[in-house]
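Presented below is the structure to which this report refers.
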Amino acid sequence: KDGDILAATKLLEPGMRETLKLTAPTKEGVYEYVCTYPGHWTIMWGQMVVTKDVDGYLLANPQVKLTASAEGEEHAQHQHGKK
């Protein structure tokens with residue numbers, strides 16, 4: 001019920017999956033996301049960029065790398081407990 005939280009999932013056990021669907025903000029900007037499970041925030045975090053001009057944003061921010069989902073793959077996965 002916090003206005004800063006756009007979406008959340010329940011706690012998942014190893015091997016479980018859940019799909020998180022949300023409507024991105026309409027205001028252009030950089031929105032951070034993080035896993036709030038204790039200790040996970042150090043590796044499970046990132047940024048969602050909302051922009052009308054992806055090419056222009058990437059030209060202005062050459063250090064940005066596209067993720068699997070931004071490149072059009074259906075799912076980016078993180079699996080716990082698997083090496």
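Throughout, residue positions are numbered sequentially from 1 according to the sequence presented.
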Identify the heavy atoms of Pro25 and Val50 that sit nearest to each other, and give their distance. O-CG1, 3.3 Å
Can you tell me how far apart OH (Tyr31) and CD (Gln47) are? Round to the nearest 0.5 Å. 12.5 Å
Shortest non-hydrogen pair, Pro62 vs Leu59, comes out as CD-O, 3.7 Å
When rounded to the nearest 0.5 angstrom, what distance separates OG1 in Thr9 from NZ in Lys21? 14.5 Å
Spatial distance of atom CG (Leu58) from atom CD (Gln63) [nearest 0.5 Å]: 9.5 Å
Same apolar cluster (I L V M F W Y, side chains within < 4.5 Å links), Trp41/Met44: no
Do you know which two heavy atoms are closest between Ala8 and Leu20, and how far apart they sit? O-CD1, 3.6 Å
In this structure, are over 12 heavy atoms from other groups packed under 6.0 Å from Tyr37 atom OH? no
Using 0.5 Å steps for rounding, measure from the SG atom of Cys35 to the NE2 atom of His40. 5.5 Å
Side chains of Thr51 and Glu28: do they bring a donor and an acceptor to under 3.5 Å? yes
Could you check whether any side-chain N or O of Asp53 sits under 3.5 Å from a backbone N or O of Gly56, counting only pairs where one atom can act as donor and the other as acceptor? yes
Grab the two heavy atoms, one from Leu12 and one from Glu18, that are nearest each other, plus how far apart they are. CD2-OE1, 3.6 Å
Between Tyr57 and Val30, is any pair of side-chain heavy atoms under 4.5 Å apart? yes
